Structures are given as C-alpha cells and as structure tokens.
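Residue numbers start from 1 in every chain, and the chains themselves are labelled A, B, ... in the order their sequence lines are given, proteins ahead of strands. Just the heavy atoms: all of them, side chains too, but no hydrogens, waters or symmetry mates, feed the values below. Note that this is a predicted model, so its numbers are computed, not measured.
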Amino acid sequence: MTADDTLTHYDFRNVESHWQEEWEKAGVFTVPDIPPAGKPKYYVLEMFPYPSGQLHMGHVRNYALGDVIARYKRARGFSVLHPMGWDAFGLPAENAARERGVHPKEWTLANIAAMRETLQRLGFSLNWDREIATCLPDYYGKQQKLFLDFLKAGLVDRRESWVNWDPVDHTVLANEQVVDGKGWRSGALIEKKKLSQWFLRITKFAPDLLDGLKTLKRWPDRVRVMQERWIGRSEGARLRFSLAQPPHGFDENLDSVEVFTTRPETLFGMSFLAIAPDHPLAAKVAARNTEAAAFVAECRRMGTSVEAVETAEKRGLDTGLRVSHPFLPDATFPVWIANFVLMDYGTGALFGCPSGDQRDLDFARKYDLPVKAVVLPAGEDAASFGITKKAWTGEGTMINSGFLDGETCEAARKEAIARLEGLGIGSGVVNWRLRDWGVSRQRYWGCPIPVIHCESCGAVPVPDDQLPVVLPEDVTFDRPGNPLDHHPTWKHVSCPSCGKPALRETDTFDTFVDSSWYFARFTAPHADTPTVRAAADGWLAVDQYIGGIEHAILHLLYARFFTRAMRETGHLDVTEPFAGLFTQGMVNHESYKDSDGNWLYPEEVERGSSGATHRGTGNAVTVGRVEKMSKSKRNTVAPSAIIDRFGADTARWFVLSDSPPERDMEWTEAGVAGAGRFVQRLFRIVRSVVADCTADAALPDDISTAGDTLRRATHRTIAAVTEALEGFAVNVAVARLHELTSALADAERSAKEAGVAFARREAARTLSLLVAPMMPHLAEELLAALEPGQSLAAERSWPEADPALLAVTQVHLAVQIMGKLRGTIEAEPDEDPAAVLARAEAEPNVARLLEGQRIVKRIHVPNRIVNFVVAK
RNA sequence: GCGAGCUUGGCGGAAUGGUAGACGCACGAGACUUAAAAUCUCGAGUCCUAAAAGGACGUGCGGGUUCGAGUCCCGCAGCUCGCACCA
C-alpha cells in the first residue's frame with residue numbers, strides 16, 4: 001500500500017482492533033455497581049444469547065441496535081449500564097454430548113469463547129467485566145439461593161402433574177417436542193405420565209401481573225395484549241351440581257361436580273354437563289366401564305398432537321351419571337366426558353348450554369341433545385326465535401328462564417349468582433387462565449434444584465452453607481435418561497435435617513428460570529448474594545430491553561414474575577424489570593436450490609443478469625423465497641466472514657440502514673457492499689476536509705451562501721438524527737447522515753468561499769459524532785484525523801443544534817388549486833399573508849389556470865401551503 | 001374462530017392532515033482511464049410523448065370527512081404474526 005492509499009483508503013482491519021484496544025484501555029464502558037450520583041442512569045439490555053456456537057446476523061442486528069442506544073445515551077450524559085452474558089444451559093449441549101461425545105460444559109464454554117470473540121470484533125460498547133454465564137456455579141448457585149428463599153416465602157409448590165413421557169429416551173418432553181403424539185427425537189409414542197414436580201406459584205401474582213401491564217407504557221401494544229390474554233382473567237361463577245341417584249357402588253364422597261361458567265344466567269338453557277377426560281370423575285367412571293376407559297385413553301393420546309387439536313371433532317361419551325339442576329329441582333341432566341373440555345382451565349367441567357355457545361351447540365347436535373334458547377337478541381320475536389346452526393353468544397333478553405325472564409343478561413347474571421350464593425352451592429369468582437409454572441426438568445445440563453429427599457423428613461432444602469449444589473462433571477451420556485440420576489454417588493447424601501441417608505433431587509430447572517433474573521444479576525455480577533440491593537435498586541428497571549418477539553409471552557412474563565418474587569423475598573425493590581421494550585425484526589435472506597432440490601449456501605451461488613447459477617458447476621439455480629436465515633435452508637451469512645471482508649462498521653451500518661428496526665430486513669450482498677462504499681466515501685470526504693481546511697479555520701462575519709448552507713445542513717442534521725434516534729428510527733437517522741455527507745462533499749466545490757472551511761470542519765466533526773453510535777471505529781478514526789490527540793469519540797458529548805441555524809430563512813411554498821399542486825413560490829418565513837397570496841395568484845402557471853375562474857376561497861397555511869378554491 | 005400488525009416505484013423504505021416517493025439498493029447515461037475496477041456527475045413513478053413546457057393518473061380495493069387524505073372514519077380484500085375448543 002502506498003502512502004497515498006492511506007489517505008484515500010480506510011483500512012478497517014487495523015483501525016477497528018486499534019480503537020477497541022483504546023476503549024478497553026480507557027475503560028469507557030465500565031460503570032460501577034452503584035450508579036454514580038449526579039448523572040442519570042440508563043440500563044440498556046439486549047436479550048442474552050444462547051451459545052450455540054456461532055453468532056448469527058439476528059444477533060448482530062439486535063446488538064447493533066442496542067449499541068446505538070447505549071452509545072447515544074452515553075453521549076447524552078447518561079451513565080450507561082450495557083452488559084452481556086450467556087444463556088448457557090440447555091438441551092443442545094446435551095445433544096452434542098450424545099451425538100459427538102463432547103462434554104456439555106466443554107462444548108458450551110468453547111462456543112462462548114467463539115461468540116465472545118465475534119461480539120468483541122463488532123466493537124459493541126459492552127461492560128465485559130460483568131459477563132456472566134448461567135452454566136457457571138457462580139450464577140446458578142445464586143439462583144438456588146433465590147429458589148430456597150421463594151420456597152420459604154411460600155412461592156414454591158411440589159405437586160403431581162401430567163407430563164409427556166418419552167419411553168425410549170426416558171425423558172420428559174415439552175409440548176412442542178411432541179409431534180403427532182410422537183417424540184421428536186425417538187419417534188416413540190408419547191405417554192402421559194404423572195410426576196412429582198416443582199412449581200413456582202406465578203398464579204399468586206396473576207392480578208398484579210395483569211395490572212402491571214398498564215404501567216408499561218413503552219412496551220409494544222401487541223406484547224401487552226398477548227400477555228393479557230395469556231394471564232386470561234375472566235369473571236363468572238363456580239357452582240356445584242349434585243349427582244342425582246349415583247349408581248350403586250359409586251364413590252359416596254364424590255357426590256357433586258363443580259363447574260366454572262362466565263354465563264351463569266344461561267343455566268336454564270343447560271342440556272348436559274361435560275367433564276374433561278382427565279377429570280377425577282372420569283377416572284371413577286373409567287374404572288368401572290371399559291368403554292369409558294378406552295375413550296379416556298384415546299383422548300389422552302390425541303390431546304398432545306397439534307394436528308388433533310386443529311382438526312378436533314367434538315366427541316363425547318355419556319357416563320350414565322346425571323346431575324340435578326340448581327334452579328329446577330325436578331330436572332336432571334346427563335354427564336358426558338367430552339374431548340373439548342380442558343382439565344387445565346376452570347374446574348375441568350362445564351355445563352353445556354347449546355343455544356348460547358357454539359361448541360356446546362355442535363356437541364348437542366352431534367349427540368342429539370336438547371337445545372333451548374334462553375337469550376333473545378334485540379329485534380327478535382320470542383315466539384319465532386330459535387337456534388339452528390349458530391349459537392347466539394351476544395346480549396339480549398332472558399326467555400325460558402323462570403325467575404330470570406325479561407331481564408337483561410347482565411342483570412340476570414348478577415341475580416343467578418346471588419341465588420346460587422343463597423343456596424350455598426356457588427359464588428361469583430374470578431378465574432385465571434394462567435397456570436403455575438412447572439420448573440422441573442429431567443435433564444443434566446441445567447441448574448440443580450437444591451433439595452434433598454429424605455424418607456422421614458420429606459423434601460428438605462439444601463442448607464445455605466452447602467450451596468451451590470454443583471453439577472458433577474463426571475457424567476456419561478451412553479444411555480437414555482438423566483445422567484444425574486445415573487451418577488454413582490452424586491445423589492447419595494445424608495439428610496440435612498435428620499442425618500439419615502437421603503437422595504438429592506436429580507431434576508434441574510427449566511432454562512427459562514436462568515433467564516428470569518439475569519438482568520438483576522448484571523447489576524452486581526460478582527456478589528456473594530444473588531443481588532446487592534443498592535446496585536439492583538439503583539440500576540433497575542432496565543430502561544431499554546431489546547430482543548425478538550418470540551419471547552413476548554413466556555420469558556417476559558417469567559421475568560416479571562421473578563422480579564415480584566425477588567421483591568417479596570427482599571432481593572430487590574422494583575416491580576417491573578423492563579420499563580421499555582423494543583422487539584426487533586428478523587434478518588432474512590434469499591434461499592437457493594439446485595436442480596436436484598438441494599439447498600445451497602449464498603456463497604455457492606453466482607447472481608447474474610440472466611438469473612442465478614452455481615459457482616462451481618455453472619448449473620442453473622432456483623432462487624427461492626426470502627426468509628429467515630436458518631441452517632436448514634442454508635441461507636445464512638456468517639457475521640465473522642462479513643467482518644473479515646467489510647469490517648465491523650460496515651456490517652453494523654448495513655443492518656441499521658433501510659429497514660425500520662421493528663420490521664424484518666433482507667440481507668443482500670449488494671446492500672452490504674453499498675454500506676462498505678459509504679464507509680470509504682465518508683472517510684475520503686473527511687480526509688479531504690482535513691487536507692483542505694486548517695484546524696484554526698475561523699467563522700467569518702460575512703459567511704458565504706455556500707458556507708451558510710452547509711452550516712444549516714449540519715445543524716438540521718443534528719436535530720433530525722437526534723429525533724430519529726429518540727424514536728428508534730435508526731434507518732431514518734442513517735438517511736439523514738447520507739444527506740449531510742453529500743452536502744459536505746458538495747461544499748468542496750466552494751472550498752475557497754468565505755467560511756466554507758469552517759463549515760466543512762464543523763460538518764465533518766459533527767458527522768463523525770453523529771455516526772459514532774452506528775460506526776464507532778470509523779468515528780474515532782475521523783475524529784482523530786480532524787482533532788489529533790483529543791478525547792475519544794466514545795467519550796464525547798452529543799452535538800447540540802444551534803437554534804439560530806435551525807430557523808428557516810426562506811420557505812418554499814406549494815400553491816394548489818382545488819388541492820392540486822400547480823406551482824411553487826418562495827416566501828419569507830411568516831411573511832404577510834396578503835403578499836404571499838398575491839404572489840401565489842400571480843405565479844404564471846397558477847395565473848394561467850385561474851383565468852376565467854372565480855376564486856371562492858383562499859387558504860393560506862403560513863409557511864406551508866396556499867390553496868385556491870374556485871367555483872365549479 | 002379470536003386478536004394484532006402490514007399493504008407506497010424494479011426492491012428496502014421516507015413523509016406533525018399540507019409539494020408522495022427523502023435516503024439506500026438495483027438500473028441507465030456521461031466524465032476520468034489504454035482498459036477495467038474504483039471514483040465522480042447526471043437521469044429515472046406510469047401515461048399523453050422521443051424530449052421540453054404542460055397535463056392526466058398514481059400510496060391494496062370501495063365509500064366518507066376535509067379547501068386538501070398515504071395519513072382520519074366506515075366497509076372489503078390480500079399477506080404476516082400470535083393465541084387457539086379458555087366454558
């Protein structure tokens with residue numbers, strides 16, 4: 001490379017690592033555990049990654065966006081906490097162990113090292129001293145402490161629950177791992193099995209989790225709506241139906257069935273009672289009736305398959321049992337086991353009112369059960385109104401309903417509840433869809449649940465002084481099931497309470513537990529306690545949380561629950577963990593297939609004007625849909641390869657350009673090359689400013705038009721970029737920076753005019769500072785060239801726009817006739833309306849078209865528009 | 001089925017009810033060069049029309065409000081996402 005090249009070519013390879021070292025040396029991104037007084041704090045957090053082995057473009061986009069916010073806020077004078085860590089427990093590590101014989105720990109730590117390196121090459125302003133990995137005892141030991149505190153506070157339960165059991169792998173599967181009733185790995189028919197499991201009592205906070213949503217003003221509406229529905233509050237009544245004439249030999253303790261309903265006023269329209277296949281009463285029936293037993297077993301099998309739910313036909317089986325009606329002492333109704341009744345919701349039983357509920361109607365039609373209309377819609381006649389194929393679920397007037405007749409639904413609802421309460425068989429209740437959170441997993445690579453099971457003392461918490469319960473490393477993966485359970489010695493301990501031989505819990509926590517409090521741990525990542533109050537309370541809530549929409553429900557809800565539980569157990573004193581949430585879109589890419597239908601990697605494909613061909617063979621390639629980058633479609637682009645070719649700033653600039661961050665973007669070769677050209681262009685332009693304009697170039701009193709124009713462009717850009725960044729419109733900020741860059745380049749032509757040298761220096765310096773959040777390395781390089789030996793760009797304040805230069809000196813006014821643009825005129829800002837109107841009317845084209853027309857109205861919106869309304 | 005969102009040039013997209021298409025990508029023309037790359041300049045919604053002036057049409061479709069609608073209101077279609085028998 002010649003000396004000349006160093007002035008015209010930006011050598012990102014050396015420059016980027018150099019500035020990363022400078023930042024590190026200066027400790028620019030380091031903040032103390034206790035937020036410093038006298039400066040406002042700002043906590044920026046991106047969802048931490050699972051260490052799968054390679055950073056992908058989705059991460060780059062996520063973290064680039066977060067880094068823009070972090071660097072921008074830092075420049076605005078905030079003390080910014082911006083940490084990074086690893087969601088490091090999880091099944092892929094165990095799969096790697098089984099498939100390739102690598103130990104999960106080794107695999108995970110190697111992946112972390114590789115991904116950390118890529119992250120660091122991208123130059124994110126992260127406080128690396130705070131790095132945590134959830135798979136290290138330092139982290140999960142504190143999690144065990146939290147769990148024990150929750151246990152003491154009554155926020156934990158142990159109870160039996162149904163799980164999907166894979167009989168081949170000897171493991172429990174999540175619902176999404178069960179495909180068509182079969183295990184996703186083993187292909188074995190999945191069984192429903194009851195296991196004793198640990199539950200976190202999230203339902204205890206259901207009302208508060210719902211109410212809290214209202215305070216989350218800076219969350220996307222749709223995420224709030226999703227959570228609201230997930231929590232699922234509904235008002236209604238619970239009531240007991242007594243079993244009429246239980247058959248001989250039936251359990252005498254089971255003399256009634258409790259149901260939940262939101263429509264107690266429709267009780268008179270009842271024609272059957274339905275219970276879930278998993279309902280205890282169904283089990284009783286199945287025990288004496290083989291037909292029922294077969295039906296229940298079948299429902300249980302079907303229940304897990306997604307397909308089954310979608311195509312679900314309503315099916316049921318009459319148990320032969322009957323219940324009495326609370327308001328009609330002489331009437332009894334059949335009890336059915338029905339496949340559409342969920343044991344998980346309400347009481348697992350319902351009364352069917354076919355006229356008022358479509359499902360009940362479908363069921364009634366199928367099994368020929370009576371349908372009685374009880375709600376008369378407005379405008380219908382009671383004598384002729386009937387329900388045929390469509391249930392009426394709306395409001396109306398009660399009919400055929402005894403003492404409720406003539407009332408509105410709402411009044412009748414209240415009255416029905418009052419009557420049930422009077423009879424002592426029911427009451428108004430609020431029901432929640434939210435279930436307690438089962439956290440037990442029969443896995444090795446997770447946080448051990450710190451409990452010891454003793455035959456005499458039951459489940460005994462591991463004493464604090466024995467924490468952390470460390471995962472043993474000498475485990476084997478040569479047979480199915482949980483390696484912790486197979487370990488020869490690990491689980492054999494003595495009971496902390498009575499000292500007798502006892503067994504360790506071999507289940508580990510759901511990995512969602514790990515990510516439910518990491519944001520709090522980041523505030524004091526090396527503390528001996530899970531949190532340090534002053535640190536957690538000082539930094540939390542996270543001011544801006546950024547991540548994918550896929551975590552809209554579970555992760556965010558669990559984190560909100562954990563925060564409340566931690567508050568209740570004294571670990572912190574905030575209620576909502578994330579004050580602002582931003583969900584960014586995905587990174588998509590074209591997909592390619594060869595003639596044999598095999599997916600091809602982008603680097604195997606040559607795109608020409610006549611279509612796409614294979615680089616090696618020259619064969620035609622089919623260009624498929626633009627879709628989410630995924631390994632299976634091979635439409636991925638590796639960030640490290642992009643950094644090698646174009647540098648970190650180019651990669652960052654490209655993912656931030658064009659598409660609004662909340663929307664999906666398409667990664668294209670041309671796009672990233674274009675970003676790379678811009679990096680070089682900006683570098684050249686600023687270098688020419690350094691060469692042309694001396695650092696002491698002064699602002700003359702009589703600045704030339706060219707100089708003034710550039711200065712105004714500079715200050716307008718400051719305002720526009722600031723506004724765009726405040727609103728997350730990074731793509732708009734990028735556009736404004738392109739414009740200023742072009743304006744600066746144009747000014748070179750007027751280099752000799754008065755004040756242009758000053759204006760060019762000002763523009764170049766401003767531009768460097770404004771691009772810094774997106775392209776921090778280039779910003780440092782530019783600023784160092786402009787102002788050698790001064791402070792780092794990363795430490796500088798955000799530029800301020802001079803209001804005097806934001807004021808418009810001349811306005812370009814549109815002139816319309818009947819709302820159609822017919823010409824433009826120039827005007828002084830806030831010029832006398834009469835003069836403006838006169839000039840508008842005289843504009844040649846306007847005058848021509850107004851000829852012979854009668855103007856009935858002249859509209860003048862100062863500094864914006866003139867519109868003439870003419871008579872027709 | 002329920003809910004949310006989206007729909008603007010060849011493409012990504014911009015636009016407090018006030019000149020639609022900023023900015024970028026791709027494309028075309030030109031300059032520089034022996035040549036290419038790089039770079040720079042210019043052009044470009046569609047049509048009347050090859051160009052200019054001018055005009056017509058134009059932000060998924062149909063209505064409405066308004067002097068004026070991509071933007072607000074009503075209805076419809078298409079696409080995407082989420083939840084999905086929640087009693």
Item to check | Spacing of the C1' atoms in B/C61 and B/U8 (rounded, Å) | outcome: 15 Å
Checklist outcome for this item: Closest to the side chain of A/Ser659, out of B/G55, B/A15, B/G12, is B/G12
Item to check | Gap in Å between the two C1' atoms, one belonging to B/C11 and one to B/C81, rounded | outcome: 23 Å
Checklist entry - With both distances under 3.5 Å as the test, what is the Watson-Crick or G-U wobble partner of B/C40? => result B/G30
Next on the checklist: If we ignore hydrogens and angles and just use 3.5 Å, is the side chain of A/Trp432 paired with the main-chain N or O of A/Leu434 as donor and acceptor?
Outcome noted: no
Next on the checklist: At less than 4.0 Å, is any side-chain N or O atom of A/Asn731 found next to OP1 or OP2 of B/G12? Yes or no.
Outcome noted: no
Checklist entry - Does A/Leu273 reach the side chain of A/Phe333, with side-chain heavy atoms less than 4.5 Å apart? => result no
Checklist entry - Taking the nucleotide of RNA chain B with the closest heavy atom to each, which residue, A/His812 or A/His738, is nearer the 5' end? => result A/His812
Next on the checklist: Under 4.0 Å from OP1 or OP2 of B/G55: is there any side-chain N or O of A/Lys820 that close?
Outcome noted: no
Checklist entry - Reckon A/Asn588 has a side-chain N or O less than 4.0 Å from the OP1 or OP2 of B/G12? => result no
Next on the checklist: With a 4.0 Å cutoff (strictly under), does any side-chain N or O of A/Arg822 reach OP1 or OP2 of B/G55?
Outcome noted: yes
Checklist outcome for this item: Rounded to the nearest 0.5 Å, the CG atom of A/Leu744 sits from the CZ atom of A/Arg760 at a distance of 6.5 Å
Item to check | Nearest-Å distance once atom P is located in both B/A37 and B/C47 | outcome: 30 Å
Next on the checklist: Would you call the rings of A/His551 and A/Phe512 parallel, tilted or perpendicular, taking 30° and 60° as the class edges?
Outcome noted: perpendicular
Checklist entry - With rounding to whole Å, what would you report as the distance between B/U46 and B/A50 at their P atoms? => result 12 Å
Next on the checklist: Between B/G55 and B/U7, how far apart are the two C1' atoms, rounded to whole Å?
Outcome noted: 29 Å
Item to check | Counter-base of B/A56, judged by Watson-Crick or G-U geometry with both distances under 3.5 Å | outcome: B/U46
Checklist entry - Applying a 3.5 Å limit to both distances, which nucleotide forms a Watson-Crick or G-U wobble pair with B/G75? => result B/C61
Checklist outcome for this item: When both distances are under 3.5 Å in a Watson-Crick or G-U wobble arrangement, the nucleotide paired with B/G1 is B/C83
Checklist entry - Hey, does the side-chain of A/Arg736 have a donor or acceptor N/O within less than 3.5 Å of a partner on the base of B/A22? => result yes
Next on the checklist: Suppose you measure atom P in B/G60 against the same atom in B/G43; what distance do you get, rounded to whole Å?
Outcome noted: 28 Å
Checklist entry - Looking at the side chain of A/Lys857, which of B/C85, B/C67, B/A14 is the nearest nucleotide? => result B/C67
Checklist entry - Would you say the ring centroid of A/Phe272 lies under 6.0 angstrom from that of A/Phe351? => result no
Checklist outcome for this item: Closest of B/G18, B/U39, B/U41 to the A/Asn867 side chain is B/G18
Next on the checklist: Tell me if B/G9 is syn or anti. Syn = glycosidic torsion within 90° of 0, anti otherwise.
Outcome noted: syn
